[in-house]
Amino acid sequence: MEQQNKRILTLDVIKGISVIGMIIIHTLLVYANVKSQYETAIGSFIVFLGRGTSIFLICMGITFMTSSQQSLKSALKRGILLVLAGLFMNFMKFMIPVFFGFAPDNFIQKYGWNAPIEQQYVYLVLLGDILQLAGMSLLFVGFIREYVKNKYIILAIGLFAALVSREVSGINIDYPVINYILDLLFNNDYPAYVYFPVFPWISFIIIGMFFGKWFQELNYDSKKLFRNMLYVGLVFAAIGAPLVFFYSEYNYNGFYHMGPGGVVYFAGWTLIFLWIIYNITAKSKENKVIKVLKYCSKNLTSMYMIQWILISWGKGIFGYRQHEIGYVSVLIVLYIILTFSVQTLVDIIRKKKTLIDFRPISPDKSVLKQ
């Protein structure tokens, strides 16, 4: 049990850091001008941090295999809820500013539109992001967890998904609902519409599932697990590097729609990074920083939605991609405070609702839910 706790702490730290990191990254991308993003040391470093999506997805795969909720039904239900959560988040991000008239003109012009943009409502709500990726992926990986018991077959499925990703990229037909599902699976039209198509990004989740299964077979020995991550990571990075740097058009061709070599290369460095974080956190004791990161990890989905909605609404107040790095740094601090504040409010509401729903029934009344 001690080893298992260390593993949970490591993943909580990583996911907690990702919550703070995504607030920083999204604030920069929304408010900083092009010069501040790419021609300053701070901006360039933050943009680099934005390439850490694979870290979150591999962690998701590990925890998916070790979760107490192991039924196929629970995976499918959560997958559907995450897709719906992504659509709700888009509605709040884009439609509220439009309805109340504080969407900045230069954001609208980013898509080549002219105000008013009523005809583009559906397009904005259907934009594909990480929640849609996670939700759609769960509809597939739930079956893998249920029916595939050999960890090497799990790994082979993950690598196969990466291998075919370039070949299936861009598949669509002329039926709107079906075409939207196909876009979430195979879209290759960045920067618009779907940022994280299931292919190739599901590969990282399945690779994480491979290590989650391995972790179970090691009897929850986290030291051995993360050591194995280092070895596999080194092999993956060595295989992926020449593919990315010498055959980049097919194997990489951009972060959001990478090919098989890009997946293997990024997975390799991600596994090496996870080993480093484990060695930093394995002997850590509970302190205020760890508590904050564990809190962020526990509320990752809701905090992701909260920060994106708040940052998107702020475009109407602070402007869109207009500011220098110093101004953006102040906004980063502001949005970290706002995100935690709103999450705290959500926790209070949840707690009150729980107390009301589970209040004991009075002897002389059959129902007492107020």
request  = Please confirm whether the backbone N or O of K223 pairs with a side-chain atom of D221, one donor and one acceptor, at under 3.5 Å?
outcome  = yes
Joint hydrophobic cluster, V164 plus M258, side-chain heavy atoms closer than 4.5 Å = yes
inquiry  = Looking at A162, is its backbone amide N or carbonyl O close enough to the side chain of S203 to form a donor-acceptor pair, meaning the two atoms are under 3.5 Å apart?
reply    = yes
request  = Heavy atoms only: give me the nearest F210-I154 pair and the separation to one decimal.
outcome  = N-CG2, 3.8 Å
inquiry  = With rounding to the nearest 0.5 angstrom, report the CG to CD distance, L84 to Q132.
reply    = 9.5 Å
request  = Apply the test side chain to side chain contact (heavy atoms under 4.5 Å, CB included) to residues L334 and F318: give CA-CA distance (whole Å), side-chain angles for both, the deciding distance (0.1 Å), then the verdict.
outcome  = CA-CA 12 Å; L334 172 65; F318 303 111; 3.9 Å; yes
ask   = Quick one: CD1 on I336 to CG on L310, what's the gap to the nearest 0.5 Å?
value = 12.5 Å
Which pairs would a plain distance check flag for residues 22-33, meaning a side-chain donor or acceptor within less than 3.5 Å of a matching protein atom at least two apart in sequence or in another chain?
from : atom 1 : to   : atom 2 : distance (Å)
H26  : ND1    : M22  : O      : 3.2
H26  : ND1    : Q307 : OE1    : 3.0
H26  : ND1    : Q307 : NE2    : 3.2
T27  : OG1    : I23  : O      : 2.6
Y31  : OH     : I311 : O      : 2.7
Y31  : OH     : K315 : N      : 3.3
Y31  : OH     : Y335 : OH     : 2.7
N33  : OD1    : K35  : N      : 3.4
N33  : OD1    : S36  : N      : 2.7
N33  : OD1    : S36  : OG     : 2.8
N33  : ND2    : H323 : O      : 3.3
N33  : ND2    : E324 : OE2    : 3.4

query = Once the angle between the rings of Y295 and F340 is folded into 0 to 90°, is it parallel (under 30°), tilted (30 to 60°) or perpendicular (over 60°)?
reply = parallel
query = How many angstroms lie between atom CG of L11 and atom OG1 of T66, to the nearest 0.5 angstrom?
reply = 7.5 Å
task = Please report the closest heavy-atom contact between L182 and N172, naming both atoms and the distance.
result = CD1-CA, 3.9 Å
task = Give, for atom CD1 of I55 and atom CD1 of I14, the distance between the pair rounded to the nearest 0.5 Å.
result = 7.5 Å
L230 side chain reached by L271 side chain, heavy atoms, under 4.5 Å = no
key: Inter-residue atom distance I272.CD1 - M229.CE, 0.5 Å rounding   = 12.0 Å
message = Are more than 12 heavy atoms, taken from residues, nucleotides or ligands other than W214, located less than 6.0 Å from that residue's CH2 atom?
response = yes
request  = Could you tell me the separation between the CG atom of N187 and the OH atom of Y180, rounded to the nearest 0.5 Å?
outcome  = 10.5 Å
Intermediate values then yes/no, side chain to side chain contact (heavy atoms under 4.5 Å, CB included), Y304 and M89 = CA-CA 9 Å; Y304 180 85; M89 183 186 74; 3.8 Å; yes
message = Quick check: is L81 connected to F143 through a chain of hydrophobic side chains (ILVMFWY, heavy atoms under 4.5 Å apart)?
response = no
inquiry  = Can you give me the closest heavy-atom contact between M305 and A85, atom names plus distance?
reply    = CE-O, 3.6 Å
request  = Spell out, as yes or no, whether a donor-acceptor pair under 3.5 Å connects the side chain of T63 to the backbone of M60.
outcome  = yes
message = Side chains of V232 and L155, heavy atoms from C-beta outward: is any pair under 4.5 Å?
response = no
ask   = When clusters are formed by joining ILVMFWY residues with side-chain heavy atoms under 4.5 Å apart, either directly or through shared neighbours, do I349 and L338 land in the same one?
value = no
query = Ring centroid separation for Y265 and F236, is it under 6.0 angstrom?
reply = no
key: pair V263-L159: side-chain heavy atoms closer than 4.5 Å   = no
ask   = If every non-hydrogen atom of C59 is compared with every non-hydrogen atom of L274, which pair is closest and at what distance?
value = SG-CD2, 3.9 Å
message = Given 3.5 Å as the limit, does a donor-acceptor pair link the side chain of N179 with the main chain of I173, or not?
response = yes
task = For the residue pair F102 and W313, establish whether any side-chain heavy-atom pair is separated by less than 4.5 Å.
result = yes
ask   = Can you tell me if CZ on R166 sees more than 12 non-hydrogen neighbours from other groups inside 6.0 Å?
value = yes
inquiry  = Measuring only between side-chain heavy atoms, which start at C-beta, is V289 closer than 4.5 Å to V13?
reply    = no
message = Has N188 got a side-chain atom pairing as donor or acceptor with F186's backbone, closer than 3.5 angstrom?
response = no
For the student: nearest non-hydrogen atoms of I20 and C296, plus distance = CD1-SG, 4.1 Å
request  = Taking R145 for its side chain and S71 for its backbone only, find out whether a donor-acceptor pair lies under 3.5 Å.
outcome  = yes
Heavy-atom donor-acceptor pair, S18 side chain to K15 backbone, under 3.5 Å = yes
ask   = Does L218 reach the side chain of N228, with side-chain heavy atoms less than 4.5 Å apart?
value = yes
ask   = Side chain of R78, backbone of L138: donor and acceptor closer than 3.5 Å?
value = no
query = How about V83 and L131: do any of their side-chain heavy atoms sit closer than 4.5 Å?
reply = no
Pairing residues for N251 by the side-chain contact (heavy atoms from CB on, under 4.5 Å) criterion, not counting sequence neighbours = L243, Y247, P260
inquiry  = Quick check on ring pair (Phe, Tyr, Trp, His ring centres under 6.0 Å): which of F273, F255, F204 does F266 satisfy it with?
reply    = F255
request  = Scan for salt bridge (charged side-chain N to carboxylate O under 4.0 Å, His left out) pairs involving residues 147-158, sequence neighbours excluded, and state none if there are none.
outcome  = K151-E217
query = Does the W308 side chain pair with the main chain of N90, one donor and one acceptor, at a distance under 3.5 Å?
reply = no
Test item: S44 side-chain N/O and Y38 main-chain N/O as donor-acceptor pair under 3.5 Å = yes
query = Do other residues, nucleotides or ligands put more than 12 heavy atoms under 6.0 Å from F99 CZ?
reply = yes
inquiry  = So I58 and I205, do their side chains get closer than 4.5 Å, heavy atoms only?
reply    = no
key: Atom CD1 of I42: over 12 foreign heavy atoms under 6.0 Å   = no
Neighbour count >12 (heavy atoms, 6.0 Å) for atom OH, Y250 = yes
message = Can you tell me if E286 has over 12 outside heavy atoms packed within less than 6.0 Å of its CD?
response = yes
query = Between F226 and Y278, how do the two ring planes meet: parallel, tilted or perpendicular, split at 30° and 60°?
reply = parallel
ask   = Going hydrophobic residue to hydrophobic residue with side-chain gaps under 4.5 angstrom, can you get from V333 over to V328?
value = no
query = Same cluster for L184 and I181 if Ile/Leu/Val/Met/Phe/Trp/Tyr side chains link at under 4.5 Å?
reply = yes
